[in-house]
Structures are given as structure tokens and as C-alpha cells.
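Notes for the one structure printed next.
Just so you know, these numbers come straight off a predicted model, no measurement behind them. Side-chain atoms are counted along with the backbone in the values below, which use heavy atoms only and exclude waters and symmetry mates. Chain naming here is simple, since letters A, B, ... match the order of the sequence lines and numbering starts at 1 in each.
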There are 2 protein chains.
Amino acid sequence: MKPTVHDIAKSAGVSLATVDRVLNDRPGVRAVTRSKVEEAIAALGYVRDLAAANLAKGRTYSFVFILPENDNSFMIGLHEEVRGAIARSSAERTHIRIIDVPPFDPDALVDALEKVLAEKPSGVAFVAIDAPEVRAAVGRLKEAGIPTVTLVSDLPDASRDHYAGIDNIAAGRTAGSLMGRFLSGPFLAERGATVAVLAGSMLVRDHRERLEGFSSVIGESYPNVLILPVLEGRDDPALAETVVADALRRHADIAGIYSLGAGNRGLIRAVQKAGMSRRPLVIAHELTASTRAALAEGVIDAVLNQDAGHEVRSAIRVLKAKADGLPVIAGQERIRIDIFLKDNLP
Amino acid sequence: MKPTVHDIAKSAGVSLATVDRVLNDRPGVRAVTRSKVEEAIAALGYVRDLAAANLAKGRTYSFVFILPENDNSFMIGLHEEVRGAIARSSAERTHIRIIDVPPFDPDALVDALEKVLAEKPSGVAFVAIDAPEVRAAVGRLKEAGIPTVTLVSDLPDASRDHYAGIDNIAAGRTAGSLMGRFLSGPFLAERGATVAVLAGSMLVRDHRERLEGFSSVIGESYPNVLILPVLEGRDDPALAETVVADALRRHADIAGIYSLGAGNRGLIRAVQKAGMSRRPLVIAHELTASTRAALAEGVIDAVLNQDAGHEVRSAIRVLKAKADGLPVIAGQERIRIDIFLKDNLP
DNA sequence: CTGTTAGCGCTTTCAC
DNA sequence: GTGAAAGCGCTAACAG
């Protein structure tokens, strides 16, 4: 049988309470007694039954998710996944609360983090904005011993405990490779090719990193491909449509478009309306209703995706583990860069 | 506060024991009493605390994994993942046993399934072989109320409870699309292209399905591509090397190779040794040490992968859920067709 | 500093 | 048929 606290108590010749104090590093145990107990624990190979402990404590993990109230499909999906987790709360001994903040607003995010700090929850997950004041706020959470996980967009060299999101440089490189290879046939062989990039804003780190990865692969491996100056669509479908339509008009030779942000509904409309003799190759991010339909129809050629459900479940698992001081299964928490062609749609 | 069995007992005016009998459908309760209790449960919105129940029962889930003792890296990796799960057993209240069987041997698999049936474990996971006697054995497990999960390779219209693996037709189609698009440039434009397919055995369903998906995409969308008769390497590196080397010798014009099974070490050696002026485009399955290295070096162009760790964890989650009659989170159990280029290696 | 005792939510004898 | 009581492994008062 697996040893229990009783076995340890007996073996060390102390009471349950003392064993418990040692197990939970509570004060009030003489060093000698402590080591006696620790020896017994090691000798018996004791491992604590977390479920029993949580039952006894009546423990419930309180987590806060701070999400931007952005109205693009990806963020809406992320919200839904958190709500799904809330629905499962009772079975998972969690209590999860969502705080909505205005997008791209560091001050609002800092405010939210401060409020959370006052609440002292078991953990916080948030979509980071890369700004010094945000890093400072995260530092304060760390000092207070509250585990933090960044979601979707990370904070560089910060004190967050974990990042639940994709490697955006790798994503950009992947897009670059696909673009280069897919273009090779119809265009490159003859006369090189011109490629447009549509971003949301160069202010957010994930977009900058994707551009960086994309550009470096093109530069290294596909010197015949010319990248036009970045178009900024602010993740807004209407604006995206305008800037893309405009670009297609001005550059009749655009052979490919890499959309590294959101607002793809507009991009799709612009491409469809352009009615070009030779449709440009389009690579976009995030599988949503519109990108999925465009992929099936052949308007988009490939979609790079991050699984919001995985990110949310991972964030919760990691926060729980951090709250308990337990290790995580690294492979389970790695968020993949999913590549979808029309053939492997889920 | 969440209602407990005590609240139900009080509200229904019965004892804890009776509530428990109703909750677990045990006999010895008059219909009237039963419905009184059921009403209380509904009225209070009671949900059972599984952790507490398992603690009281001293329950531990006993699972058996039946794995082919194949010596390719993928299967070795799968074994390791199961061993990882075994290492976590105590924390997860599971007791997992591995049964090794000779590969591609339906009789051996049936024998193993029969032995398992006699043991009456809480659940079984196995790499299926598509044969009537296997389906029959699974039927017997189902009758005995033992949940079953197929791993990696499925059993068609069978009574298994769940399949933890990828959609192999979609995987084949994806490989076909990538092959077609990647080939377009250097080869197709001029004179069409010849492609070789290396499989393990046409006896296993996953290999047949991948071939089917691959062939149909090529047929539909890349009529210039000619697929040579399938090479069978029995997932064995040495044999794979021989058959591939032989094929490359006989068909100097091979422009692409789709390796839809295992034994890629041999394939890689054959391609490297062939020293062709123009290296064929290679698409393979399963990210292992050797395919990863080949991808990085440019010997392999793309790898389709199924995450063995995800499959094993998923199988365990599903078996637990089935054993408890609980629902699963569909999105969490979908095994993705991972596509790796050299740019998005994990 | 250490031990005793009750109890978390559920199941399980064993009486009645 | 039904109920009272003990206990799963752990924690939390409260005494000493």
C-alpha cells in the first residue's frame, strides 16, 4: 500500500499534526523533529495525495483572466474558451473570473493587474502588452507570490511564470517558407515575385516578431521575392479591406500576401473583389469562420493557427501547478503553430 | 455553498446511505424513495465530487496499453510516453500496464485482448490491426463493459469507444497537396513528375488511408504527377533503405518521395547515398531524431506528425471519463496532423 | 513545540 | 428497505 501520513507519524514517532507541519513547511517544529519526519518521508517514499489534501482544505483555486475586449474572431473565441473553463469550474475546483480591458492599452492593463493584486487570487492569466509599466506590475504580482501566465502575447524577460502562446518568430519563418515554396512554381522561375504584408500594428510584439521571422526567411532563401512596405490594418476588417484593395491596385504584380494579424474578413473581400487574372497566394493567421471558408474556397492557401482552447486549458493547468509548487509536463504545455491547408481542416 | 450528499439526505428526508444507493444506481431502494431523492438532487443542483468519491472508494483506475514491439522511433517514443504516464501514476490514481505484442500480427493482438478481458481492467488502449477477429475481440470487451480506445490506427465501424489518433485520409491529402505545390516549381512546369510512395504494410489501415488521401489529391489536382507502385518497407529501416535505393536506381526521374510509414532512417540513408544531381522532394511522417535532423539538413522537406504524448494522455483522459460515464472535452482530444518544416521545429 | 480531535464529501459495512 | 457509524488521506482548530 502507498504510505500515508499515518505511516509517517508512526515511523517517525510523532503525531499527525507534526507530520502535517513538516509537509507544509509550517513553523513550530524543532529541527531535530523535523529531520526525523523528513527521514521517514524519504524512507517510506511518501507522496502526498493532493486530492485528499484539497478535500480537507476545501480548497478552490481562484484564477483571473484579463482579456482585451477586441472584437475580432480570435479574441472572441478566446473568451469563449475561458467561459468553457468557467462552466467546468465545479469539477475542477476552480473559480475563474474574466476582466475585460480595452485593447492595446497598457494603462488599462496595469490597472486591472493592480486590482487583481489586491484580490490575491491563486493565479492570473493575461494577454500581455509589451510595456515597462506592465512588466513592473507583473513584478509586484510575483513579489506577492501570485503565479502569472501570459497568454497569446508574451512579455520579454519578465517575471511571468509561463507563456501560453506560440513562438511568433517561428510562425513568421514558417509563413515565409511556405510563401517561398508555394510561389516558386508559377511566379519565381520567370521573374521573381512581389509580396505584400498586412499587419495589425507594429506596436504589438507578436506582429513584429512574425514580420521579423517572415522577412528573414525570405531574405535568406528567396532573394527573388520582394517584400513591399508593411500595410497596417489595425486588426480591423474594414481598414484591412481598404489598404489591401489599394495595394492590389497600385501593384498589379503582387503574387503573394502574408496577413500576420487579424481582420482577415476585409482581406478576403479585397482579394475576391480584385478579380485578378492570377489570384495572389494568401497566407493568414488564425482559423476562424471566415478564414476557414476562404481556405476551403481557395481564396486563402494556408492558415497558421494557435489553438485558443489549448492555450486556456494550458494556462489553467500551469497556474494550478505553480500554485501547488508542482512541475508541469512540458510537452503538454507547448502551444503548436498549427498549419492548415484545405486538406487538414479539423 | 455547493450542495453535498448531506444536503440531499436532509432535503429528501432519508439517510446518507440511501442517497448513495440512488446516486450509484444500487438496488435496495423503493421506487418512491428513489424518486424523492432524485427530486432533491435535481432541486438542489447537486453534482458529485469525484475526487471525494474516489478517495472514499480508494479507487485506482487500472489501464492496459497493448503496443507493438516495433523498433522504429515512433513506436519507441510511444512506449516512452506510456512509461511517462506510468511514472505519474500515483498522482493520477492510475495503474498502467504495457503488454508488448509482435507487430502486424492480428492473432497476437487478439490473444492479448483476451488476456486483458480476463483481467477486467478499467480500460484498454491498443494499436489496432484491421481484421475481423480483432473486431470480434473488441466486441467482447465492450460486452464486458470495458472501455476501449484505439491508438494511432483505428478499427472501422467497430465498437471501440474512442480513437486517439489522426485522420489518416486527411494526412495523406495534406501530404499530396504539399507534394503537388512544392513540386510545381522545379519540376512540374517542364515535364510532369514521378513520385514514389514508401509504406510499411498495406495491411494496416492507417497506411492504406494515407495512400488513399495522397493519391486522390494528386489525381484531382496534379494530373501531371505520376505515382509509382507502392514500395513496402515493413516499417523497417534496413528494408526501407533497400527498396528505396532500388527504386531510385531504376527510376532516375523520381522527383518526390512520400514516406507514409516508419523506418525513415533507411529512407534517409538511401536518399543521401543516391547522390542525385537534383535531390527528390521528401515528405515523411513522424518527427523523430532522424527525421528532425534530416529536416534541418534539407534531406526531408516536410514532416507530418502525430504527437504520441498527446495521444497517450488523451487515451488516459478518455478511458477515465468512460470509466466514470463522464463526457470529454472534444477539442482537447482531437489529435492534430502537425506539419513541420525546418522553421517550426519544436 | 507537540498532540488530540473533528471533519472535508463520499462510500461502505453492518445492524435494524 | 433503510439508517448509523466508521473511515478514505489529509488539514485545522485547539489544548497542553
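Dashed line: the shortest gap from a side-chain N or O of B/Arg48 to OP1 or OP2 of C/dT11 is under 4.0 Å. Note on A/Asn54: every side-chain N or O is 4.0 Å or more away from OP1 and OP2 of C/dC8. Distances shorter than 4.0 Å separate some side-chain N or O of B/Arg26 from OP1 or OP2 on C/dT12. Residue A/Thr33 places no side-chain N or O under 4.0 Å from the OP1 or OP2 atom of C/dC1.
Non-hydrogen atoms lying under 4.0 Å from DNA chain D are contributed by B/Val14, B/Ser15, B/Ala17, B/Thr18, all within residues 4-19 of chain B.
Within 4.0 Å (heavy atoms only), B/Gly28 reaches at least one base atom of the nucleic acid. Using a 4.0 Å heavy-atom criterion, one finds that B/Asp49 contacts the sugar-phosphate atoms exclusively.
B/Arg59 places its CZ atom 11 Å from the P atom of C/dT12, with the value rounded to the nearest Å. The separation between B/Leu44 atom CG and C/dG9 atom C1' is 15 Å, rounded to whole Å. For the pair B/Lys57 NZ and C/dC8 C1', the interatomic distance rounds to 17 Å; values are reported in whole Å. Atom NZ of A/Lys36 and atom C1' of C/dT2 are 10 Å apart (whole Å). Between A/Asp25 atom CG and D/dC10 atom C1' the separation is 16 Å, expressed in whole Å. The interatomic distance linking A/Arg93 (CZ) with D/dC10 (P) rounds to 15 Å, in whole Å. Between the CG atom of B/Leu55 and the P atom of D/dA6 there is a distance of 18 Å, rounded to whole Å. Taking atom CZ on B/Arg30 and atom C1' on D/dG3, their separation rounds to 14 Å, with Å as the unit.
Looking at A/Asp154 and A/Thr150, their side chains do bring a donor and an acceptor atom within 3.5 Å of each other.
Among all heavy-atom pairs drawn from A/Gln332 and A/His310, the shortest one is O-NE2, 2.9 Å.
Seen from the ring of A/Tyr61, A/Arg59 counts as a face-on cation partner, given the 6.0 Å and 45° thresholds.
Each of B/Arg21 and A/Ala56 lies near DNA chain D, and the nucleotide nearest B/Arg21 is the one positioned closer to the 5' end.
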Name each donor-acceptor pair under 3.5 Å that joins a side chain in residues 78-87 of chain B to protein atoms two or more places apart or in another chain, with its distance.
unit_1  : atom_1 : unit_2   : atom_2 : d
B/His79 : ND1    : B/Met75  : O      : 3.2
B/His79 : NE2    : B/Asp100 : OD1    : 2.5

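Salt bridge annotation for B/Asp307-A/Arg334: absent, with no cationic side-chain nitrogen under 4.0 angstrom from a carboxylate oxygen. Using a 4.0 Å cut-off between a side-chain N of Lys or Arg and a carboxylate O of Asp or Glu, B/Asp49 and B/Lys2 do not qualify as a salt bridge.
When the shell of 6.0 Å around NZ of A/Lys57 is examined, it contains more than 12 heavy atoms from other residues, nucleotides or ligands.
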